[in-house]
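Below is one structure, written out as structure tokens; comments come after it.
Here the structure is a predicted model, which means the values were calculated and not measured.
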Amino acid sequence: PEGAGVNLNLIKQDLPVAVTLNDYMELNVQQIENLPYIKAPVAQEATTLGGQEGSRLQYDQTLQFGDQSVTQTVTQYIT
């Protein structure tokens, strides 16, 4: 495949217990960095979205298509 597109996903996740943003981010980053197609480390930055405290994550992932691979940068915003 040549080039890359833009993909936007909005996900709302209800948690069964109260978790701080910092704890949630730490667990999220650990899970992402353990995926075999992710190039660690995951970059993290504090941000504000819609007036709410949040975090911005950015990382590279490599996707394999037959004998070709494509690396794309993923950016996630979490509040």
Side-chain angles (χ1 to χ4, degrees):
E2 194 172 308
V6 174
N7 183 15
L8 174 65
N9 294 296
L10 300 175
I11 300 169
K12 181 178 188 252
Q13 182 178 19
D14 292 322
L15 301 176
V17 296
V19 177
T20 67
L21 178 61
N22 287 340
D23 288 344
Y24 184 83
M25 294 306 302
E26 184 178 320
L27 291 170
N28 193 30
V29 168
Q30 286 175 4
Q31 289 176 349
I32 292 169
E33 289 183 339
N34 283 325
L35 296 171
Y37 50 87
I38 299 299
K39 182 180 177 188
V42 172
Q44 298 180 64
E45 179 180 276
T47 190
T48 303
L49 296 168
Q52 293 187 1
E53 178 184 345
S55 193
R56 177 182 180 267
L57 303 180
Q58 192 167 48
Y59 53 91
D60 290 338
Q61 67 180 13
T62 301
L63 306 173
Q64 193 71 34
F65 299 97
D67 61 349
Q68 294 183 335
S69 64
V70 174
T71 299
Q72 66 180 17
T73 300
V74 176
T75 303
Q76 291 183 339
Y77 291 91
I78 299 172
T79 61

Item to check | Connected hydrophobic set around L27, excluding itself, where side chains approach under 4.5 Å | outcome: none
Checklist entry - Is the closest side-chain donor-acceptor distance between Q44 and S55 under 3.5 Å? => result no
Item to check | side-chain contact (heavy atoms from CB on, under 4.5 Å) partners of E45, counting only residues at least two apart | outcome: R56
Checklist entry - In chain order, what residues pass the side-chain contact (heavy atoms from CB on, under 4.5 Å) check against T20, with sequence neighbours excluded? => result N22, D23
Checklist entry - Listed by chain and number, what are the side chain to side chain donor-acceptor pair (under 3.5 Å) partners of Y37, not counting sequence neighbours? => result none
Item to check | Cluster companions of Y77 among Ile, Leu, Val, Met, Phe, Trp, Tyr (side-chain spacing under 4.5 Å) | outcome: L49
Which donor-acceptor pairs under 3.5 Å do side chains of residues 11-18 form with protein atoms, sequence neighbours excluded?
from: K12; atom 1: NZ; to: D14; atom 2: OD1; distance (Å): 3.1
from: Q13; atom 1: OE1; to: Y24; atom 2: OH; distance (Å): 2.5

Next on the checklist: Among residues at least two apart in sequence or on other chains, which ones pass side-chain contact (heavy atoms from CB on, under 4.5 Å) with E33?
Outcome noted: V29, A40, P41, V42
Checklist entry - If we ignore angles and hydrogens, is there a donor and acceptor under 3.5 Å between the side chains of S69 and T62? => result no
Item to check | Partner residues of Q64 under the side chain to side chain donor-acceptor pair (under 3.5 Å) criterion, sequence neighbours left out | outcome: none
Item to check | Partners meeting side chain to side chain donor-acceptor pair (under 3.5 Å) with T73 (sequence neighbours left out) | outcome: D60
Checklist entry - If you group Ile, Leu, Val, Met, Phe, Trp and Tyr by side-chain heavy-atom gaps below 4.5 Å, do L35 and Y59 land in one group? => result yes
Item to check | side-chain contact (heavy atoms from CB on, under 4.5 Å) partners for L21, two or more places apart | outcome: M25, E53, I78
Next on the checklist: A side-chain contact here means heavy atoms from C-beta on lying under 4.5 Å apart; do I32 and Q61 qualify?
Outcome noted: no
